Amino acid sequence: MPRTTREWAKRKLQQAKNNIDWSGYHIVEVAEKYKDAHPEIAEPLYNVAGMLLAVQKIIDNIEKSF
């Protein structure tokens, strides 16, 4: 159990980053399956995966601010 609000918030942000990471993994898996036969499906999925990485970096920056 966290002792402070800061510890709680850091734990929650880490959980959010882990969920984003897991989502990205699945999105890339689908993109990999479709990349040869349907690049019109794979390309946007790769873009989404890149956006998820950007969101993770933003959360990292927020987490470092406190």
Side-chain angles (χ1 to χ4, degrees):
M1 183 109 194
R3 289 174 275 158
T4 66
T5 302
R6 181 177 183 267
E7 289 175 0
W8 172 85
K10 284 191 171 271
R11 187 177 72 210
K12 288 296 184 180
L13 290 175
Q14 184 60 51
Q15 290 171 346
K17 290 188 295 184
N18 290 344
N19 287 335
I20 291 169
D21 190 46
W22 193 235
S23 296
Y25 170 79
H26 292 296
I27 288 169
V28 169
E29 265 195 324
V30 173
E32 288 291 311
K33 280 282 192 198
Y34 279 91
K35 75 179 177 183
D36 294 329
H38 294 285
E40 73 279 5
I41 293 172
E43 184 69 27
L45 290 174
Y46 286 126
N47 291 338
V48 169
M51 288 181 222
L52 290 174
L53 285 174
V55 170
Q56 281 182 316
K57 289 178 184 178
I58 292 167
I59 292 171
D60 281 337
N61 290 338
I62 293 168
E63 189 177 15
K64 290 174 186 173
S65 72
F66 60 91

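Everything numeric here is computed off the predicted structure, so don't read it as measured data.
- Within the hydrophobic cluster formed by Ile, Leu, Val, Met, Phe, Trp and Tyr side chains joined at under 4.5 Å, directly or through other members, Tyr46 is accompanied by Val28.
- Atom CG of Leu13 is separated from atom CD1 of Ile62 by 7.0 Å, given to the nearest 0.5 angstrom.
- Hydrophobic clustering, with ILVMFWY side chains joined whenever heavy atoms are under 4.5 angstrom apart, keeps Ile41 apart from Met51.
- In this structure, CD on Glu63 lies 11.5 Å from CD on Gln56, to the nearest 0.5 angstrom.
- Nearest heavy atom pair, residue Pro44 against residue Pro39, reads CD-O, 4.2 Å.
- With sequence neighbours excluded, the residues satisfying salt bridge (Lys or Arg N to Asp or Glu O under 4.0 Å) with Asp60 are Lys17.
- The 12-atom threshold is not exceeded at NE2 of His38, counting heavy atoms of other residues, nucleotides or ligands nearer than 6.0 Å.
- Leu45 and Ile27 make their closest contact through O-CG2, 3.3 Å (heavy atoms, listed as atom of the first residue, atom of the second, distance).
- Within 6.0 Å of atom NZ in Lys33, 12 or fewer heavy atoms from other residues, nucleotides or ligands are found, so the atom counts as exposed in its surroundings.
- For the atom pair CD1 (Ile59) and NZ (Lys64), the distance works out to 12.5 Å, reported to the nearest 0.5 Å.
- Note on residues 34-48: pairs passing salt bridge (Lys or Arg N to Asp or Glu O under 4.0 Å), not counting sequence neighbours, are Glu32-Lys35.
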Apply side chain to side chain contact (heavy atoms under 4.5 Å, CB included) to Leu52 and Asp21, showing your working. CA-CA 8 Å; Leu52 290 174; Asp21 190 46; over 6 Å; no
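- Here the closest non-hydrogen pair linking Ala31 and Ala42 is O-CB, 3.4 Å.
- With hydrogens and angles disregarded, a donor-acceptor distance shorter than 3.5 Å links the side chain of Glu7 to the backbone of Arg3.
- Going from atom CD1 of Ile58 over to atom CG of Leu53 covers 11.0 Å, rounded to the nearest 0.5 Å.
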